[in-house]
Structure formats: structure tokens, C-alpha cells
Peer 1: 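Sharing a structure with you now.
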Amino acid sequence: MKKFNVLIVGGGSTWTPGLLKSLANRKTQFPINRLVMLDTNAERQSVIGEYAKVLFKEEYPELDFHYTTDKEEAYRDDLDFVFCQIRTGGYAMREQDEKIPLSLGLIGQETCGPGGFSYGMRSIKDMAEIVENVRAKTDKAWILNYTNPAAIVAIAIQKLFPEDKRILNICDQPENLLRSYGRLLGGMSPRDFEPKYYGLNHFGWFTHLYDKDGKDYLPELEQMILSGGFRPADYEQRDKSWLETYAMVEQMVRDFPGYLPNTYLQYYLYPDKVLKKLNPEFTRANEVMAGREKRVFEECQRVAEAGTSQDSNVVANDAHGEFIIIVAESIAYNQGQTFIVILENNGIIENLPNDAMVEVPAALTIHGPKPFAVGKIPTFHKGLIEGQNAYEQLTVEAYLENSYEKALQALTLNRTVVSAQQARQVLDALIEANGDLFPELKKAERELE
Ligand code: G6P
Ligand code: MN
């Protein structure tokens, strides 16, 4: 069995220990020769790197493992897979992305609304640089990309590298939802389903959830959710803000029956209601810094000092870690398994623009994703998606053309903003807060007569 060379970009992420644990768990299915972690933040990276050494000594002794901040060491011509999960600006900037809109009475969220716009402006440059660094060494390596806001990053990467057929943008939220549905149905796994799903990243709907015999579980799940059956224990994510998020699924199903929504739709469909629940003083970034980040880094330090990870239960086998590996396996071994991924539309959804980056099921093969035709989608979803797609496209155009006007148009189009005046206010505040992390956004010099 071929052994793969894998690079993780963003090795200092709070998600990395879970990913490493999943790599160890799946070493027979996805054997690795050389694993390198790269991060720009040496301190975060070394805490997780030292944890990894202990974990791998016990569970993966044959693995050639390194962590580094040196790009020369990381980008090599023998890479097979590059897993990207970077966060430009770190949690400090995520906090700004959330708090600045909230201070103006707008939704403050990492990937949705003005926060997502801001994060997108920061992410594109670094993500494009990663692709260039990989491609300077090899055309063969698959780049699997989690970097958020995935919807915007995917459009930018598609525009910058249109001929590159070995970049795949992915998100684990549909997978998280499949895990939750499986629990709710009493122990089915995501792979037991053949899901039908369409939309954009963090903006889509399940329309059917078939099992292998063709039975559709979606109507049953809908009934369970409506009768209060979606219990917190069924959720994949369990922090307080996530409990509130999952709880909103019931209202979405009640108002728009027949579909199971991606949880992120709450921000677009009920901005007024969700806004009341968001605390401008303590946002999700604060919850993560006080929770997951603290837990993960303390645990990694403890394991490194103890010299054993056998008694460690903080690092879970979460969907984030497992999903990217099984996606890689399906490509590497030409398994053709079906996963929900982000692809250039090109007719997959008949009544949406070709250049939209849509999130749909596809069979993943050694030749890349083979999407299933979706056909025409209903006017309600089409209208919502077109607006959101226009917002995302304008965001990327604003970045590529250094255009303040397009940025303003983008934010005005976003359903969580709507008012052009508020769009301008939040844009100006985000430009100020981001400084050099943003591209220059120039105002067109046009004299009015
Ligand atoms: C889901 C989404 C990701 C998001 C993640 C964590 O997995 O798909 O895009 O980054 O949740 O969000 P959190 O608020 O827990 O950091
Ligand atoms: Mn996501």
C-alpha cells in the first residue's frame, strides 16, 4: 500500500490535535510516510507539535513527523496531500469581526455577514500564497482546503487558479449535521446516508437523506425535530452558542418544511431574532478562547509533560479531523465515495450561474470530484442563493480590484445588512480595524457635476 506525504498548513490550530488523533486512528486506511505541520505562529505550533510527538511515539512510531515554521522545509516536491486550515489574524481578529458589526446592530459572525466579509479579505491572500508555494514544487499534490470563509475563499481560488484541478474546498458542517441526524435516528453513521443537498457553503439545504436501500429519512427527521426530538446530546457541537444554533433548526423546519437547513442559515433568515441572542461583550470568539482553545492547549502541554497521551480524552474524534482524511482516502484510492463538497457550478444546479461555487454531493475519485446533477431548484432557494452568491462574488472582486465601491455593494447585498448606510459604516470600521491585513480598498475618483 502506498504511503503518503502530507503537509498540514495551520498546524497551530485548535483543530489540529483532533486531526492528528484521527490520522493515528486511520493509519491502516490512510498510511502516512512523512507528516509535516507548518504554522507562522511558532509558539502555538510547538505546543501542538510536542503533543504530537508523544501521541505518535505511542500510536504511530513508524511516522516521520516534523513541525516547522520554515516554508522551505514544508513545501516539497514529494507531497501527496496538503491540508489547509489557516486563520489569518487569529482569534483576536475573529473577535473584531464579530464585535464590530454587533456594535452597529448587525450580525457578528465568523463566516456570515460583515464578519465573514472581513475574514474573507484577510484569508484570500494567505490562501493564494499557499497554493503558489505548493505549485512551485509540485502539480501532483492535492490541496484540501478548510480555510474559512470557505464560500469566499473558494471563489477567489477558483478565479486565481482556474486551471488547477487538484484544489478541493471543503467544509465539515454538512458532515457534522449528518453525524447529528445519524445519532437522532438511533445510531446511523454519515456513511449510511446518500444525501441530496444543494446550496453555497454555510448556505444550503438537505432535500433527501436516503439510506443504501433507498429509504428517505428526511420526512421522519423533520417530524422528530418538530416534536422536540433534536436533543442537545444529538448535536455534534455542544458549546452554549452551538446549542442555541441547533435549537433554531426547529423554527427553520417549521417555517420552511420539506428541507433540513444548514445551521448557518439562521443568520440570514432570522437576523433580528439571532441578534438578540448574540452578546456584543462576549462573542463566539470569546467562548472559543475561554473554552476549546484553552482546553486544547492545556491538554497538549499536559500530555507533553507527562510523556504519554494514553489517559487523554480531551482530543476527540471530531468531524473536522476525520472528514478531511476520508475525503483524501476517497481520492487517493479512487473509492468514489460521496461527500458534500464545494465545486464550480457549471450546470450542476441548472438554474444558477456557472461560476457560482456551489456545495453539493459528489463522488470523489482519483480524477477529482464527479458531482451529481441537481437540476432546477425552487424559486425561494434560487433567489436566496443568487443574492448570497452576488455578495460573495462582489467581495472577491472588491479584493482583486482593490475596489471600495464593490465592497460597499457586497455588504449592501448581504441579507444580514440590507441598509447601504449601515453597510458603509461597518465597512469603514472593518477597514480601520484590519489595517494592513486588508487589501487597499480604493474609492473611485469621480467628480459629480
Ligand atoms: C463548523 C463550520 C466551520 C467552523 C466550525 C467552528 O465546523 O463548518 O466552518 O469554523 O464549525 O466554529 P467554532 O465557532 O466552533 O469555532
Ligand atoms: Mn464550514
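Read the numbers this way: they start at 1 and go in the same order the structure lists the ligands and their atoms. These numbers come from the heavy atoms of this one structure, side chains and all, not from hydrogens, waters or symmetry mates. Along the sequence shown, residues carry numbers from 1.
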Peer 1: Under the side-chain hydrogen bond (donor to acceptor under 3.5 Å, both in side chains) test against Asn286, which residue among Arg94, Glu98, Lys99 passes?
Peer 2: Lys99
Peer 1: Quick test: of every protein heavy atom, which one is nearest to atom 7 (O) of ligand 1, and how far off is it to 0.1 Å?
Peer 2: Asp172 OD1, 2.5 Å
Peer 1: Side chains of Asp255 and Tyr270 only: does a donor on one sit below 3.5 Å from an acceptor on the other?
Peer 2: yes
Peer 1: Output the list of atoms in ligand 1 that are nearer than 4.0 Å to some heavy atom of Asn148, sorted by atom number.
Peer 2: 3 (C), 4 (C), 9 (O), 10 (O)
Peer 1: In ligand 1, which numbered atoms sit nearer than 4.0 Å to a non-hydrogen atom of Asn176?
Peer 2: 7 (O)
Peer 1: For Phe438 together with Tyr399, are the ring centres under 6.0 Å from each other?
Peer 2: no
Peer 1: Would you check the N or O atoms of Thr111, main chain and side chain alike, for any that come under 3.5 Å of an N or O of ligand 1?
Peer 2: no
Peer 1: For ligand 1, which atoms have a heavy atom of Gln173 less than 4.0 angstrom away?
Peer 2: 1 (C), 2 (C), 7 (O), 8 (O)
Peer 1: I need the contact type for Glu110 against ligand 1. Using non-hydrogen atoms and a strict under-4.0 Å cut-off, is it side chain, backbone, both or neither?
Peer 2: side chain
Peer 1: For ligand 1, is any non-hydrogen atom under 4.0 Å from Arg94's backbone (N, CA, C, O), its side chain (CB onward), both, or neither?
Peer 2: side chain
Peer 1: Do the ring planes of His381 and Trp205 sit parallel (below 30°), tilted (30 to 60°) or perpendicular (above 60°)?
Peer 2: parallel
Peer 1: Where's the contact between Tyr146 and ligand 1, heavy-atom distance under 4.0 Å: side chain, backbone, both or neither?
Peer 2: neither
Peer 1: Should Asp164 and Arg135 be marked as a salt bridge (charged side-chain N to carboxylate O under 4.0 Å, His left out) after you check the CA-CA gap, both sets of side-chain angles, and the distance that decides it?
Peer 2: CA-CA 9 Å; Asp164 198 318; Arg135 291 298 175 241; 2.6 Å; yes
Peer 1: Just jot down the ligand 1 atoms closer than 4.0 angstrom to any heavy atom of Cys171, in number order.
Peer 2: 8 (O)
Peer 1: Restricting to non-hydrogen atoms, name the atom on Ile340 and the atom on Pro195 that form the minimum distance, rounded to 0.1 Å.
Peer 2: CD1-CG, 4.1 Å
Peer 1: Among Arg122, Arg284, Arg87, find the residue that satisfies the salt bridge (charged side-chain N to carboxylate O under 4.0 Å, His left out) test when tested with Glu110.
Peer 2: Arg87
Peer 1: His202: which N/O/S atom is nearest the Mn ion (ligand 2)?
Peer 2: NE2
Peer 1: Which atoms of ligand 1 sit under 4.0 Å from any heavy atom of Arg292?
Peer 2: 13 (P), 15 (O), 16 (O)
Peer 1: Could you tell me whether some N/O pair between Trp15 and ligand 1 is separated by less than 3.5 angstrom?
Peer 2: no
Peer 1: Any cation-pi pair here, Lys196 with Phe372, using under 6.0 Å and within 45°?
Peer 2: yes
Peer 1: Considering non-hydrogen atoms only, spot the tightest contact between Ala363 and Gly336 and give its length.
Peer 2: CB-O, 3.5 Å
Peer 1: Need the ligand 1 atom indices (1-based, order shown) with element for anything under 4.0 Å from a heavy-atom of His202.
Peer 2: 2 (C), 8 (O), 9 (O)
Peer 1: Using a 4.0 Å heavy-atom cut-off, which part of Tyr264 comes near ligand 1: side chain, backbone, both, or neither?
Peer 2: side chain
Peer 1: Below 4.0 Å, non-hydrogen atoms only: which portion of Phe323 touches ligand 1? Side chain, backbone, both or neither.
Peer 2: neither
Peer 1: So if I count the atoms of ligand 1 from 1 in the order they appear, which ones are less than 4.0 Å from some heavy atom of Gln237?
Peer 2: 1 (C), 7 (O), 11 (O)
Peer 1: Does Glu322 come within less than 4.0 Å of Lys21, counting only side-chain N to carboxylate O?
Peer 2: no
Peer 1: Quick check: closest heavy atoms across Leu38 and Thr69, and the distance to 0.1 Å?
Peer 2: CD1-C, 3.7 Å
Peer 1: Tell me whether Arg284 has any N or O atom under 3.5 angstrom from an N or O of ligand 1.
Peer 2: yes
